Number of protein chains: 2
Amino acid sequence: MTDSMDSRRPRAKAADKRQRLMAAAARVLHEQGVERTTIADIAQAADVPAGNVYYYFKTKGELVEAALSEHTRHLEALTGRLDQLADPRERLKGLVDAWVGQRDTAARYGCPTGTLAVELDKRAEGGLDLSVGQVIRRLLDWVEQQFREMGVDDPGGLSLTFVGAYQGMSLLSSALRDPEIMTREGARLVHWLDTLT
Amino acid sequence: MTDSMDSRRPRAKAADKRQRLMAAAARVLHEQGVERTTIADIAQAADVPAGNVYYYFKTKGELVEAALSEHTRHLEALTGRLDQLADPRERLKGLVDAWVGQRDTAARYGCPTGTLAVELDKRAEGGLDLSVGQVIRRLLDWVEQQFREMGVDDPGGLSLTFVGAYQGMSLLSSALRDPEIMTREGARLVHWLDTLT
DNA sequence: GTCTATAAACCGATAGAC
DNA sequence: GTCTATCGGTTTATAGAC
């Protein structure tokens with residue numbers, strides 16, 4: 001590490017700023033919603049000059065997609081860790097634990113992916129995007145795989161019920177501003193998993 | 001009905017236009033979302049000149065509240081009809097039927113109240129509104145009352161699970177653009193009601 | 001009461017200096 | 001690559017004619 005390197009490595013800066021912008025977009029868009037968030041909001045949260053954002057992302061839509069890919073990345077990391085558990089039932093319980101662990105955030109801003117889906121659904125007119133649907137689809141598929149390994153009937157249907165319960169409890173928790181809904185419904189989901197043969 | 005009456009009854013027009021604006025607001029805000037809907041959009045849907053809207057509603061926020069009260073009115077009308085059924089279990093099944101009957105709308109735009117709650121949650125900063133929470137609370141209370149009349153344990157918890165399931169299946173149905181999710185999960189809810197003692 | 005014209009503010013995106 | 005200044009379009013809300 002020489003002094004000259006500090007001035008000669010603006011290459012690393014670009015990727016760094018881009019990453020900061022992606023993380024800021026994921027957080028701010030979740031908290032404020034897509035339509036109420038300005039480019040300036042995201043730039044400020046990322047500590048990047050406002051006009052400079054357009055060097056990294058040509059449109060606001062690209063920033064939204066970047067935020068979505070951040071959420072995907074977090075989901076993959078979580079399921080990746082859970083995959084190391086031997087029992088598929090324990091993997092699903094671990095997923096519930098992770099959801100309940102985020103209860104304060106859920107009670108204030110809802111599920112990041114779910115609330116983003118609600119907003120993007122109303123953006124698409126004719127040519128719908130559906131990229132957010134793919135993220136949810138990926139979660140549904142992973143959950144379904146766990147049910148399949150458990151050997152239960154209709155793993156696809158159970159996956160819909162399971163993920164739907166999470167989306168529903170997140171929405172109610174935020175609408176009523178009550179994180180304990182997450183705790184209560186999470187415990188119910190865990191108990192439900194134990195009743196499945 | 002004389003010709004003179006047509007020109008001499010502007011009194012009825014005011015309430016009429018106001019009602020048209022409320023209905024249009026409820027529909028358009030549901031379809032397009034709060035932030036993407038302009039006053040002009042609502043005025044056009046209500047067949048009222050754009051600038052005239054402000055005579056009836058001072059701000060856009062008042063139009064949002066008006067839309068919310070429309071949803072409340074529809075909900076009260078529905079539960080009012082269901083209250084005429086003798087069996088509380090049948091009332092809840094009737095509620096599920098009504099939800100499934102709206103599956104095409106749900107698959108495209110989600111639950112009117114639920115999606116509105118998601119958007120309004122992100123509007124409130126410090127002084128939160130929570131008026132949408134009261135509408136959901138009213139539904140939760142009605143459902144809880146049915147469970148209580150059924151004599152089951154923990155009617156409040158069951159109500160959260162029941163309404164949460166509806167919100168979750170509406171969100172998944174719209175995110176995946178699949179109305180059959182409403183049919184499938186609705187049938188599951190009905191079966192679940194039958195398993196309760 | 002009804003409607004038009006427009007003010008005032010805001011935001012996404014761009015041009016261009018450095 | 002980085003940043004500033006600003007354009008152009010849109011939207012809320014109001015002023016005021018009818």
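Chain identifiers are assigned alphabetically (A, B, ...) following the order of the sequence lines, protein sequences preceding nucleic acid strands; residue numbering begins at 1 within each chain. We use all heavy atoms of the structure for the numbers below, so side chains are in, but hydrogens, waters and symmetry mates are not. Please read these numbers as outputs of a predicted model, since none were measured by experiment.
In this structure, L21(A) places its CG atom 11 Å from P of dT2(D), rounding to the nearest Å. Here the P atom of nucleotide dA15(D) and the NZ atom of K58(B) are 14 Å apart, to the nearest Å. Between the CD atom of E62(B) and the C1' atom of dA13(D) there is a distance of 12 Å, given to the nearest Å. Taking atom CG of residue D47(B) and atom P of nucleotide dT2(C), one finds them 13 Å apart after rounding to whole Å. Taking atom OH of residue Y56(A) and atom P of nucleotide dG1(D), one finds them 8 Å apart after rounding to whole Å. Rounding to whole angstrom units, CG of residue N52(B) and P of dT4(C) are separated by 9 Å. To the nearest angstrom, P of dT11(D) lies 20 Å from CZ of F57(B). The CD1 atom of I42(B) sits 11 Å away from the P atom of dA13(D) (whole-angstrom rounding).
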Can you name the atoms? Protein N/O to nucleotides 5-9 of chain C N/O, anything below 3.5 Å, with the distance.
none

Every protein N/O lying under 3.5 Å from an N/O of nucleotides 10-12 of chain C:
unit_1	atom_1	unit_2	atom_2	d
dG12(C)	OP1	K60(A)	NZ	3.1
dG12(C)	OP2	I39(A)	N	3.1

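A23(B) meets the side-chain contact (heavy atoms from CB on, under 4.5 Å) test with Q19(B), E70(B); sequence neighbours excluded. Legend: residues meeting side-chain contact (heavy atoms from CB on, under 4.5 Å) with V152(A), ordered by chain and number and at least two apart, are F147(A), M150(A), L158(A), L196(A). Judged as a side-chain contact (heavy atoms from CB on, under 4.5 Å), and not counting sequence neighbours, the contacts of T59(A) are E62(A).
Looking at R108(A), its side chain does come within 3.5 Å of a backbone N or O of D121(B) through a donor-acceptor pair.
A pairwise comparison of heavy atoms in P112(A) and H71(A) identifies CB-CE1, 3.4 Å as the closest pair. Here the shortest heavy-atom pairing between R177(A) and S174(A) reads NH1-O, 2.8 Å.
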Which donor-acceptor pairs under 3.5 Å do the side chains of residues 27-35 of chain A make with protein atoms, sequence neighbours left out?
unit_1	atom_1	unit_2	atom_2	d
H30(A)	NE2	Y109(A)	O	3.3
H30(A)	NE2	G110(A)	O	2.8
Q32(A)	OE1	T37(A)	OG1	3.3
E35(A)	OE2	R123(A)	NE	2.8

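Taking CG from L172(A) and OG from S159(B), the interatomic distance works out to 9.0 Å, rounded to the nearest 0.5 Å.
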Would R73(B) and E76(B) satisfy salt bridge (charged side-chain N to carboxylate O under 4.0 Å, His left out), going step by step from the backbone distance to the final call? CA-CA 5 Å; R73(B) 213 164 53 82; E76(B) 305 264 285; over 6 Å; no
